[in-house]
A.B. asks: 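Would you mind keeping the following structure in view while I ask a few things?
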Amino acid sequence: MKKYIAEPFRIKMVEPIEMTTREEREEELKKAHHNMFGLDSKKVYIDLLTDSGTGAMSDTQWAGIMRGDEAYAGGQSYKKLVEVSKEIFDYEFIQPVHQGRAAEKALFPLLLKEGKFAISNMFFDTTRAHVELAGARAIDCVVEEAKDPSIYADFKGNMDTKRLEEIINDKGSENIGLIVMTITNNSAGGQPVSVKNLRDTYKIAKKYDIPVCIDAARFAENAYFVKQREKEFKDKSIEEITKETFKNADMFTMSAKKDAIVNIGGLIGIKNDEKLYNDLKANVISYEGFITYGGLSGRDLEALAIGLKEGMNYDYLRYRIGQVEYLASKLDDYNIAYQKPAGGHGIFLDAKAILSHIPYYEFPGHTLAVELYRQAGIRTCDIGSYMLGNDPDTGEQLKADFEFTRLAIPRRVYTRAHFDVMAEAIKDVYDRRDEIKGFKITWEPKVLRHFQAHLKPIE
Ligand code: F0G
């Protein structure tokens, strides 16, 4: 078993959480129509639904909250955020927005329209949605090894550069509006992308004159993996790796709710295209607010400026990824399948392998999520066919490449004992896996159904 890396902080404030009985949880599941997003957070013991906006801010960040400058225009907190961001990413233009999807909404329509395509190592669902809302089509192009959870590879988040070039030639380079590099690759299991892969992709993009955007939600975790796994960067700092990473793109969008450890916030960076920045400002003012606050309060900007740096601290990252690796090593002891190796922000249990008797249309990833809540009050979510939904043309259930149950780990929130509870709960569910039955949907909305659908266990 892997050693647990002790917390590089001590606890100054606590938030009590409620212990529930199994009977209570059965009741709560019924009330929620067996939808994890329908559960009352008070009835969740360990909440692993997402690592987004759920981190614990530091005393320095809370102190920053008090110092936030709430001026509508020209605020000091805005200036501080822009300065810190320029220093980290080496980009000329920095624009705050209220979260990641706001960045996508403001930027993508400037680059994409009907008839265009965007290609990514893998789109996150809101990113895909904003490509499509701009009228374009989204194509995923991740390396093959990502698709087999049982095999180990250092950089399962990488773009398949050979296929990328084939797609560009097939669709016509003039029809490719954007290439998006998601670091780390969330949908493939929080898997990192190597700097070499970023360089290769950028080279191809330049050859065909296509802009590259980094989806930077988990950029610091990606840099940590690069330091661990890519020889060239063994002795480089997280700061140096980050600079090298962002050289290989023209812009970035960021949900700051992840690696920048704030409860709300986002960023857009543009390397040097002033015209694009001017167009972007017009969108930001219409959708988000004036450019010097971008939909956030001054205190949020202040906390973000501080969090960006804290999230890049090596000792913190070592502890953070160490937690995930600790849980993974316990699962290895029990022989429980997950996307290997452990991701940066969580463990993606391979529900297809664990509940191999449940077909995709009875939602193994969702079923396992329900069982973990039933077992120990742990809330997780499906990243599989349940989330993917139906074919918009035929209405038929689509079959996902993966059937994952995602345990997304909030930052600086749970302790070793919580991780032991998680491991035990997974093992207990695993031991009774043969008795577990799948689900069917009894009601669903037309779009993004997984957030709201009602489900019923199959008898
Ligand atoms: N890009 C990636 C890679 C993401 O993981 C997310 C959000 C976004 C963009 C959108 O950012 O939520 O701030 O608007 N991911 C969260 C998750 C919700 O649970 O994985 P947002």
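Quick caveat: nothing in here was measured; it's all calculated off a predicted structure. We count ligands from 1, going down the list as the structure has it; atoms in each ligand are counted the same way.
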A.B. asks: Say whether, by atom type as modelled, one donor and one acceptor occur between the side chain of Arg25 and the main chain of Tyr373 under 3.5 angstrom.
C.D. replies: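 A pair under 3.5 Å: yes.
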A.B. asks: Students often mix this up, so state it plainly: with edges at 30° and 60°, are the rings of His454 and Trp443 parallel, tilted or perpendicular?
C.D. replies: tilted
A.B. asks: Below 4.0 angstrom, N of the basic side chain to O of the carboxylate: do Arg411 and Asp259 qualify?
C.D. replies: yes
A.B. asks: Identify the protein heavy atom lying closest to atom 21 (P) of ligand 1, giving its residue, its atom name and the separation to 0.1 Å.
C.D. replies: Gln99 NE2, 3.3 Å
A.B. asks: With a 3.5 Å cut-off and no angle check, do the side chains of Asp391 and Gln397 form a donor-acceptor pair?
C.D. replies: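 Side-chain D/A pair, Asp391 to Gln397: absent.
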A.B. asks: Would you mind checking which non-hydrogen protein atom is closest to atom 12 (O) of ligand 1, with the distance to 0.1 Å?
C.D. replies: Arg101 NH2, 2.8 Å
A.B. asks: What is the closest protein heavy atom to atom 8 (C) of ligand 1, and at what distance does it sit?
C.D. replies: Phe124 CD2, 3.4 Å
A.B. asks: Write out the residue and atom name of the closest protein heavy atom to atom 16 (C) of ligand 1, then the distance separating them to 0.1 Å.
C.D. replies: Lys258 NZ, 3.3 Å
A.B. asks: Closest by any non-hydrogen atom to atom 11 (O) of ligand 1: pick that one out of Ala408, Ser255, Ser187.
C.D. replies: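 The residue whose heavy atom sits nearest atom 11 (O) of ligand 1 is Ser255.
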A.B. asks: Any chance CZ of Arg163 has more than 12 other-residue heavy atoms, nucleotides or ligands included, within less than 6.0 Å?
C.D. replies: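 Correct, the count exceeds 12.
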A.B. asks: Is it true that Arg406 and Asp382 have a side-chain N and a carboxylate O under 4.0 angstrom from each other?
C.D. replies: no
A.B. asks: Between Arg128 and ligand 1, which part of the residue brings a heavy atom under 4.0 Å of the ligand: side chain, backbone, both or neither?
C.D. replies: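 Contact part for Arg128 vs ligand 1: neither.
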A.B. asks: Kindly confirm or rule out an N or O of Gly100 lying under 3.5 angstrom from an N or O of ligand 1.
C.D. replies: yes
A.B. asks: Report, in ascending order of atom number, the atoms of ligand 1 lying under 4.0 Å from any heavy atom of Glu104.
C.D. replies: 9 (C)
A.B. asks: What is the closest protein heavy atom to atom 3 (C) of ligand 1, and at what distance does it sit?
C.D. replies: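 Atom 3 (C) of ligand 1 sits closest to the protein heavy atom Asp215 OD2, 3.4 Å.
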A.B. asks: Give the numbers and elements of all ligand 1 atoms closer than 4.0 Å to a heavy atom of Thr182.
C.D. replies: 3 (C)
A.B. asks: Would you find more than 12 non-hydrogen atoms of other residues, nucleotides or ligands less than 6.0 Å from Tyr361 atom OH?
C.D. replies: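 Result for OH/Tyr361: open.
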A.B. asks: Without hydrogens or angle criteria, can the side chains of Ser385 and Glu403 be said to hold a donor-acceptor pair below 3.5 Å?
C.D. replies: yes
A.B. asks: Under 3.5 Å between some N or O of ligand 1 and some N or O of Asn186?
C.D. replies: yes
A.B. asks: Check each heavy atom of Lys257 against ligand 1 and say whether those closer than 4.0 Å belong to the side chain, the backbone, both or neither.
C.D. replies: side chain
A.B. asks: Considering only heavy atoms, which of Lys105, His345, Met122, Arg406 lies nearest to atom 20 (O) of ligand 1?
C.D. replies: Arg406
A.B. asks: Report the relative orientation of the aromatic rings in Tyr72 and Tyr293; use parallel for angles under 30°, tilted for 30 to 60°, perpendicular for over 60°.
C.D. replies: perpendicular
A.B. asks: Using distance alone, decide if ligand 1 has a nitrogen or oxygen within less than 3.5 Å of any nitrogen or oxygen in Thr126.
C.D. replies: no
